[in-house]
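Reckoned from all heavy atoms, side chains included, excluding hydrogens, waters and symmetry mates.
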Amino acid sequence: MIAILCFKCERRRVALGRLLVSDLDLLLLDEPTNHLDVEAVGFLASYLSGATVRHRALIAITHDRWFLDEIATLTWEVDFWGKQRADYQ
């Protein structure tokens, strides 16, 4: 085990990195781009849309439209009254 001393933002990056290299069947990411800089958001988007994670199920809750467009193959919009499928182009 490695002890890591870092600021809050760096802890988030380390935790996210740990998840990305783990062998998980499902990734559930709630606002994964919060507190990340532009370079880190770009890396995360390219990693999640790459072939290395295509065998995983991914659910991302985000307000970052660019990020969503980069990673999503299917989009569900959930509102107060329920869910609806939305194939945004």
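- A donor-acceptor pair under 3.5 Å is absent between the side-chain atoms of Ser22 and the main chain of Leu24, judged by distance alone.
- Between Leu58 and Leu26 there is no side-chain heavy-atom pair separated by less than 4.5 Å.
- Taking the side chain to side chain contact (heavy atoms under 4.5 Å, CB included) definition, one finds that Ala15 meets it with nothing, sequence neighbours left out.
- Leu68 is listed as a side-chain neighbour of Thr75, based on a closest heavy-atom distance under 4.5 Å.
- Partners of Asn34 by side chain to side chain donor-acceptor pair (under 3.5 Å), not counting sequence neighbours: none found.
- Looking at Tyr47, its side chain does come within 3.5 Å of a backbone N or O of Leu20 through a donor-acceptor pair.
- Taking CG of Leu44 as the start and OG1 of Thr33 as the end, the distance is 8.0 Å to the nearest 0.5 Å.
- Side-chain atoms of Leu36 and Phe43, non-hydrogen and from C-beta on, never get closer than 4.5 Å to each other.
- Counting all heavy atoms, side chain and backbone alike, Ser49 lies closest to Ile71 at CB-CA, 4.4 Å.
- The side chain to side chain contact (heavy atoms under 4.5 Å, CB included) check on Ile61 picks up Leu28, Asp30, with sequence neighbours excluded.
- Not counting sequence neighbours, Glu70 has no partner by the side chain to side chain donor-acceptor pair (under 3.5 Å) test.
- Nearest heavy atom pair, residue Trp66 against residue Gly42, reads CH2-CA, 4.1 Å.
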Practice task
Determine, stepwise, if the pair Leu29 / Leu48 fulfils side chain to side chain contact (heavy atoms under 4.5 Å, CB included).
Solution key: CA-CA 11 Å; Leu29 302 174; Leu48 292 174; 3.8 Å; yes
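- Every pair tested for salt bridge (charged side-chain N to carboxylate O under 4.0 Å, His left out) that includes a residue from residues 38-48 fails, sequence neighbours excluded, so the list is empty.
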